[in-house]
Amino acid sequence: MKKAIFALLFAAHCGFAAVPLTPNGEWRAAEDGYTVSVTPVKPSGRLETTFKAKPATCYLLTWESRIEAGGVPPQMRTCLEDGRRRYLYREAGPEWSRQGAYWFSDAEGTPLHLIFFFDSGATARGGVRNLAIRELPPEALTGNLFLDGDFESGCSEWQRNFAQPDFAAKRIAVPGFLSGQYSLELTLSPDRQAAIASGYMPVTPGKSAELRFWAKASESAVLDAVINVWSPYIHNGGHAHKRQGFRIDAEWRQYTLRYPLPDDFAAYPDLADRLARIQFIGEKKAGVKILLDDLEFYGSLE
């Protein structure tokens, strides 16, 4: 089921024409998509499009992006506007990498305005190509919702967690895992808790969400996993989440975090967005590297 859902959600763009985008500011149309060059005194402007949606429908947005910079690359920012405003902050390198995001339209089917841009102050060159927007059938939301939980396709669905100054993880070749060639390596720090966050994934209030992952560490360390229901628009009310620490050692082992989702919308208004994200937070410890692989997330288990 895992592989079947992955193939359904993130197959190469067969049968889907790339959604055209309108370049403004420093953005330019190119043979392989859209490119931009920015400096601290030359902001990027916007690369944008508007999509007419069906009411109360889940969509998967996919695209490819790349960023070249002399130092730490800035994040490519993406804004989703439909009467609400939601920002995506994604990591990318000089090679094209796949990106993806789930989006629920509202009850009125308000059109989606999608915008790509860099924050002012960045010095970088970047690009975007192959944007596709697909309506998801209900059965797609019952399977594994990670777009690249085994890290084999190069999809970048992880970002620095909240106020982290940099991205504490990287995709590396690890031939020793049970299957595949790549894992995600999280480097712990003695000064702060190294933390990363996934993109938002669909959940069903009143059912159970479950995270499954494999991990091992260069030496024993505690890694907290979090299933976090926090509105990507505006947080209100109580905080629906579950956080649990796992002792990771030198052997590959599978770990599971299960969270029965509440269905009290008055106490937890963020449930109405039907979105949750995963966070991994490492303890403060020098020189420790934790490998993650074969991640699965289910948002609608009985």
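Numbers here simply count residues along the sequence, with the first being 1. Keep in mind it's a predicted model, so treat the numbers as computed, not measured.
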Quick one: does any side-chain atom of [X] pair with a main-chain N or O of [Y] as donor and acceptor, under 3.5 Å?
X: Thr142; Y: Ala140; value: no
X: Asn228; Y: Lys242; value: no
X: Thr22; Y: Thr49; value: no

Qualifying residue for ring pair (Phe, Tyr, Trp, His ring centres under 6.0 Å) with Phe213, from Phe246, Phe297, Trp252 =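 Among Phe246, Phe297, Trp252, the one that satisfies the ring pair (Phe, Tyr, Trp, His ring centres under 6.0 Å) with Phe213 is Phe246.
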
Check each of Phe104, Tyr102, Phe51 against Tyr59 using the ring pair (Phe, Tyr, Trp, His ring centres under 6.0 Å) test, and report the only one that passes.
->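 With Tyr59 as partner, Phe104, Tyr102, Phe51 yield a single ring pair (Phe, Tyr, Trp, His ring centres under 6.0 Å), made by Phe51.
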
How about [X] and [Y]: do any of their side-chain heavy atoms sit closer than 4.5 Å?
X: Phe280; Y: Trp158; answer: yes
X: Thr123; Y: Pro40; answer: yes
X: Tyr268; Y: Val229; answer: no
X: Asn130; Y: Trp96; answer: no
X: Arg247; Y: Glu283; answer: yes
X: Leu295; Y: Asp150; answer: no
X: Ile278; Y: Phe146; answer: yes
X: Gln99; Y: Glu157; answer: no

What heavy-atom pair brings [X] and [Y] nearest, and what distance separates the two atoms?
X: Ala215; Y: Leu292; answer: CB-CD2, 3.9 Å
X: Pro269; Y: Gly238; answer: CD-N, 4.3 Å
X: Gln279; Y: Ala197; answer: CG-CB, 4.0 Å
X: Glu185; Y: Leu291; answer: CB-CD2, 3.7 Å
X: Ser231; Y: Asp273; answer: OG-OD2, 2.6 Å

Answer yes when Glu64 and Arg98 have at least one side-chain N-carboxylate O distance shorter than 4.0 Å, and no when they do not.
->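 No, no charged N to carboxylate O under 4.0 Å.
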
With the threshold set at 4.0 Å, does a side-chain nitrogen-carboxylate oxygen contact exist between Glu48 and Arg46?
->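 So Glu48 pairs with Arg46 through a salt bridge.
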
Separation of [Y] [atom2] from [X] [atom1] (nearest 0.5 Å):
X: Asp293; Y: Gln254; atom1: CG; atom2: CD; answer: 11.0 Å
X: Cys79; Y: Arg85; atom1: SG; atom2: CZ; answer: 5.0 Å
X: Ile290; Y: Ser183; atom1: CD1; atom2: OG; answer: 13.0 Å
X: Leu186; Y: Leu184; atom1: CG; atom2: CG; answer: 7.0 Å
X: Ser218; Y: Ile248; atom1: OG; atom2: CD1; answer: 11.5 Å
X: Tyr34; Y: Arg28; atom1: OH; atom2: CZ; answer: 13.5 Å

Quick one about [Y] and [X] (side-chain donor to acceptor, distance below 3.5 Å, no hydrogens or angles considered), yes or no?
X: Ser220; Y: Asp249; answer: no
X: Asp82; Y: His113; answer: no
X: Arg134; Y: Thr62; answer: yes

With the 4.5 Å side-chain cut-off for hydrophobic clustering, are [X] and [Y] part of the same group?
X: Ile196; Y: Val222; result: no
X: Phe117; Y: Trp103; result: no
X: Tyr87; Y: Leu114; result: no
X: Leu257; Y: Ile281; result: no
X: Ile67; Y: Ile115; result: no

Could I get the full list of ring pair (Phe, Tyr, Trp, His ring centres under 6.0 Å) partners for His241, not counting sequence neighbours?
->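 With sequence neighbours excluded, His241 shows a ring pair (Phe, Tyr, Trp, His ring centres under 6.0 Å) to His239, given in chain and number order.
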
Given Leu275 and Arg86, is the side-chain contact (heavy atoms from CB on, under 4.5 Å) satisfied, shown in steps?
-> CA-CA 12 Å; Leu275 293 169; Arg86 169 184 167 194; 3.9 Å; yes

For [X], does the [atom1] atom sit with more than 12 other heavy atoms under 6.0 Å from it, leaving out its own atoms?
X: Lys42; atom1: NZ; value: yes
X: Ile172; atom1: CD1; value: yes
X: Arg125; atom1: CZ; value: no

Check step by step if side-chain contact (heavy atoms from CB on, under 4.5 Å) holds for Leu88 and Leu80.
-> CA-CA 8 Å; Leu88 310 177; Leu80 286 68; 3.8 Å; yes

Mind checking what makes salt bridge (Lys or Arg N to Asp or Glu O under 4.0 Å) contact with [X], not counting sequence neighbours?
X: Asp224; result: Arg243
X: Arg277; result: none
X: Lys52; result: none

Can you spot which of Thr35, Val38, Leu47 makes a side chain to side chain contact (heavy atoms under 4.5 Å, CB included) with Trp27?
->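 Single side chain to side chain contact (heavy atoms under 4.5 Å, CB included) partner of Trp27 among Thr35, Val38, Leu47: Leu47.
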
Step-by-step side-chain contact (heavy atoms from CB on, under 4.5 Å) determination, Cys58 to Leu141 | CA-CA 9 Å; Cys58 187; Leu141 304 184; 4.0 Å; yes

Within 45° of the six-membered ring axis of Tyr233 and under 6.0 Å from that ring's centre, is NZ or CZ of Arg84 located there?
->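 The answer is yes; both the distance and angle limits are met.
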
Axial cation check for Tyr182 ring with Arg171, 6.0 Å and 45° limits |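 Verdict for Tyr182: a cation-pi partner in Arg171.
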
Walk me through it: do Phe116 and Trp63 pass the test ring-ring contact (aromatic ring centres under 6.0 Å, His included)?
-> CA-CA 11 Å; Phe116 297 94; Trp63 66 94; 5.5 Å; yes

Using residues 201-212 as the side-chain source, report each donor-acceptor pair under 3.5 Å to any protein atom, sequence neighbours left out, with the distance given to one decimal.
from   : atom 1 : to     : atom 2 : distance (Å)
Thr204 : OG1    : Ser300 : OG     : 2.6
Lys207 : NZ     : Glu302 : OE2    : 2.9
Glu210 : OE1    : Arg258 : NH1    : 2.7
Glu210 : OE2    : Arg212 : NE     : 2.6
Glu210 : OE2    : Arg212 : NH2    : 2.9

How far apart are the C-alpha atoms of Glu95 and Arg66, what are their side-chain angles, what is the distance that settles it, and do they pass the side-chain contact (heavy atoms from CB on, under 4.5 Å) test?
-> CA-CA 6 Å; Glu95 304 299 324; Arg66 61 185 178 90; over 6 Å; no

Name all residues meeting the side-chain contact (heavy atoms from CB on, under 4.5 Å) criterion together with Glu219; count only those two or more places apart in sequence or in a different chain, and write none if there are none.
->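 Applying side-chain contact (heavy atoms from CB on, under 4.5 Å) to Glu219 gives Lys285, Val288.
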
Taking the inter-plane angle between the rings of His235 and Trp230 on a 0 to 90° scale, is it parallel (under 30°), tilted (30 to 60°) or perpendicular (over 60°)?
->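 His235 vs Trp230 ring planes: parallel.
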
